[in-house]
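Scroll down for the structure; my scribbles are underneath it.
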Amino acid sequence: GLPHPPPRPLAERRVSRRIHVGPVAVGGDAPVSVQSMTTTRTSDVGATLQQIAELTAAGCQIVRVACPTQDDADALAVIAQKSRIPVIADIHFQPKYVFAAIDAGCAAVRVNPGNIKQFDDKVKEIAKAASAAGIPIRIGVNAGSLDRRLLEKHGRATPEALVESALWEASLFEEHGFGDLKISVKHNDPVVMVNAYRGLAAACDYPLHLGVTEAGPAFQGTVKSAVAFGALLGEGIGDTIRVSLSAPPVEEIKVGIQILESLGLRQRRLEIVSCPSCGRAQVDVYKLADQVTAGLEGMEVPLRVAVMGCVVNGPGEAREADLGVASGNGKGQIFVKGQVVKTVPESRIVETLIEEAQKIAAAMEDA
Ligand code: SF4
């Protein structure tokens with residue numbers, strides 16, 4: 001068995017209907033999936049596929065690509081075919097690209113029917129085409145592009161306005177018997193966003209795609225997303241997540257995975273339990289924790305590694321971990337399963353931890 005199975009989740013998951021984005025189930029009791037969006041020009045097939053490959057390697061499960069032009073639409077077939085993860089085409093306003101994306105073999109389309117309602121019968125035709133292709137549609141309501149009518153009615157993008165908009169958009173598909181939907185109601189304010197998703201979760205059984213939109217640069221966006229997703233997932237709300245950062249999309253995936261691991265919604269992989277350091281520290285804890293993290297990156301087995309600045313709390317924390325170090329007097333006491341196995345000079349702490357981690361990993365893989 002696993003040394004550190006995920007803890008009991010904070011809440012039972014909300015019961016949502018299950019949809020499939022390619023091979024990835026979303027909703028029902030499917031694990032919460034992590035997604036991102038490419039930043040390349042979609043028409044640049046090579047660059048887009050390269051970025052999708054990087055995202056896939058980082059653990060991205062679903063990828064979205066923007067489709068603002070005919071050149072982008074023309075690129076979708078090759079991208080959808082060569083990507084190892086399902087590709088969602090993100091389309092605003094132009095119904096013709098929705099049909100192109102469906103024909104291209106995209107695993108889903110993100111489109112807001114409210115934007116294309118003006119085109120007679122297009123919503124009906126999209127519902128028909130998506131149905132025939134067996135692909136779902138994401139309705140992505142966004143505070144920044146809320147329907148004018150709802151903006152006027154509610155005064156601004158309140159949670160109620162976002163929910164009303166989402167349910168109205170969903171009804172445009174439901175009218176044509178199409179319910180293979182997932183929905184997002186994004187806002188840049190985590191409090192508004194959490195309230196919007198709560199309202200939406202109570203009002204329908206569609207799977208929900210969580211996102212804090214325009215969350216900001218990496219630090220701010222990470223905190224905002226962690227707070228908002230933590231609140232919602234902690235109540236069992238949310239089926240797939242996208243962290244939005246003004247940073248490379250691989251960073252979004254790392255943050256998304258870390259959020260799910262922190263919430264116990266996903267098996268934790270490498271977990272560094274490092275102390276904050278204090279006046280007792282006899283080693284540069286920050287540097288050591290960073291070096292150990294970098295040295296063990298990519299380790300696939302779940303491993304809890306304690307990095308402690310002194311021997312006061314070191315042995316205690318190290319006992320709870322698979323592996324640990326407590327530093328003192330220019331040396332590091334290396335612990336494996338709570339036992340001191342070695343004492344090495346400070347300069348050899350990182351390499352020794354990596355060696356011991358590899359031994360433990362090999363033993364776990366054999367078991
Ligand atoms: Fe301070 Fe030692 Fe605790 Fe680190 S392990 S915070 S150095 S007492």
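In each ligand, atom 1 is the first atom listed, and ligand 1 is the first ligand listed.
Around the CZ atom of Arg17, the shell of radius 6.0 Å holds more than 12 heavy atoms that belong to other residues, nucleotides or ligands. The environment of CZ in Arg149 is crowded: more than 12 heavy-atom neighbours from other residues, nucleotides or ligands sit within 6.0 Å.
The side chain to side chain contact (heavy atoms under 4.5 Å, CB included) test applied to Lys331 returns Thr343, not counting sequence neighbours.
In the hydrophobic cluster analysis, where Ile, Leu, Val, Met, Phe, Trp and Tyr join through side-chain heavy atoms closer than 4.5 angstrom, Met37 is grouped apart from Ile183.
Within the structure, every pair that satisfies the salt bridge (Lys or Arg N to Asp or Glu O under 4.0 Å) test and touches residues 68-96, not counting sequence neighbours, is listed here: Arg64-Asp90, Asp90-Arg110. Every pair passing side-chain hydrogen bond (donor to acceptor under 3.5 Å, both in side chains) that includes a residue from residues 25-37 is listed here, sequence neighbours excluded: Arg18-Asp29, Ser33-Thr240, Gln35-His209, Gln35-Thr240, Ser36-Glu252.
Of all protein atoms, those of element N, O or S that lie under 2.8 Å from atom 4 (Fe) of ligand 1 number 1.
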